[in-house]
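Take a look at the structure below.
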Amino acid sequence: MKIDIVTLFPEVCRAPLSESIMKRAQKNGVVDLHIHNLRDWTTDKHHIVDDAPFGGGQGMVMKPEPIFSAVEELRSPRNKESKIILMSPAGRRFDQQTAAQLSGESHLIIICGHYEGVDHRVIEHLVDLEISIGDYVLTNGAIAAVVLVDAVVRLLPGVLGHEQSAVDDSFSGGLLEAPQYTRPAEFRGWKVPGVLLSGNHAEIEKWRREQAIKRTRENRPDLLRE
Ligand code: JCQ
């Protein structure tokens, strides 16, 4: 999969996407990642990327010209082969299902929003998918892009060992994970639940399911209603 990130802060994504599993995925050729500075597509001498909003109001809006130029240069000449994504708090909420869908694409171009937003003509005439990673505002869409890229790339064949696919299954099963423990069996007087040491796999499965439901009810009651 090819991924192009277009941002005003390339350094914000560089380090987190150059470590660990993302580093190996790039070394193995599973992902071909390029991080670009949007200012490289400005043509004025001050490299201006934003301007005041028409109609008045707070803050600045990202201008359409450099964003269109960047995407038109980076996109595949074959129509529809590149998915153009805008990171924005006003987008559709990102989840594991969307990550799985995107992992089937051959080319993602991710535009990182900033300021009070981008000129709406970018959304209407260039972007295929406006995506939010959650209901909070970041200073910088590059932070959100790192989250999306990590969640998508780990699903690509050959990036993780098969032990990890079960973890996704339990997520899509609609419940949170049951609590996990490792050695020592007693730490500061706190004992690991005895059933986990019993070797009784049927009892362990039953306990895990009960705990998963309890944890989901406490932390994510919205998941139980679905
Ligand atoms: C992404 N959840 C939050 C901030 C405006 C495109 O317009 C804007 C983009 C940003 C950066 O992204 C986020 C975000 N998912 O804040 C303001």
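Each ligand, and each atom within it, is numbered from 1 in the order the structure gives. What's counted below: heavy atoms across the whole structure, side chains too, no hydrogens, waters or symmetry copies.
Looking only at distances, no side-chain donor or acceptor of Thr42 sits under 3.5 Å from a matching main-chain atom of Asp44. In this structure a side-chain-to-backbone donor-acceptor pair under 3.5 Å is present from Ser82 to Ser76.
Remark: of the listed residues Thr7, Ile123, Val118, Val71, Val71 is the sole one forming a side-chain contact (heavy atoms from CB on, under 4.5 Å) with Ile111.
Summary of contacts: the protein heavy atom closest to atom 10 (C) of ligand 1 is Pro89 CD, 3.5 Å. At the shortest separation from atom 15 (N) of ligand 1 among protein heavy atoms lies Ile133 N, 2.9 Å. Among protein heavy atoms, atom 17 (C) of ligand 1 sits closest to Tyr115 O, 3.2 Å. Atom 7 (O) of ligand 1 has Gly117 CA, 3.3 Å as its closest protein atom, hydrogens excluded (heavy atom only). When only non-hydrogen protein atoms are considered, atom 3 (C) of ligand 1 lies nearest to Tyr136 O, 3.1 Å. Ranking protein heavy atoms by distance to atom 4 (C) of ligand 1, first place goes to Leu138 O, 3.7 Å.
Proximity to Ala144 (heavy-atom distance under 4.0 Å) selects the following atoms of ligand 1: 1 (C). Within ligand 1, counting atoms from 1 as listed, the ones closer than 4.0 Å to a heavy atom of Ser132 are 2 (N), 15 (N). Each of the following atoms of ligand 1 lies closer than 4.0 Å to a heavy atom of Met87: 6 (C), 9 (C). Taking every non-hydrogen atom of His114 and a distance limit under 4.0 Å, the qualifying atoms of ligand 1 come out as 8 (C), 9 (C).
Within the 4.5 Å cutoff, the side chain of Ile131 has heavy atoms near those of the Thr98 side chain. Val127 places none of its side-chain heavy atoms less than 4.5 Å from the side chain of Ile85.
Aromatic ring pairs are classed by plane angle as parallel below 30°, tilted from 30° to 60° and perpendicular above 60°; the pair Trp207 and Tyr181 is tilted.
Closest of all the heavy-atom pairs between Arg215 and Leu176 is O-CD1, 4.0 Å.
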Quick one, Asp4 with Ile110, criterion side chain to side chain contact (heavy atoms under 4.5 Å, CB included). Give me CA distance, side-chain angles, the key distance, then yes/no.
CA-CA 6 Å; Asp4 288 288; Ile110 305 172; over 6 Å; no
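Proximity of Met62 to ligand 1, defined as any heavy-atom pair under 4.0 Å, is not found for any part of the residue.
Looking at Gly141, Gly91, Gly134, Ala142, it is Gly134 that brings a heavy atom closest to atom 2 (N) of ligand 1.
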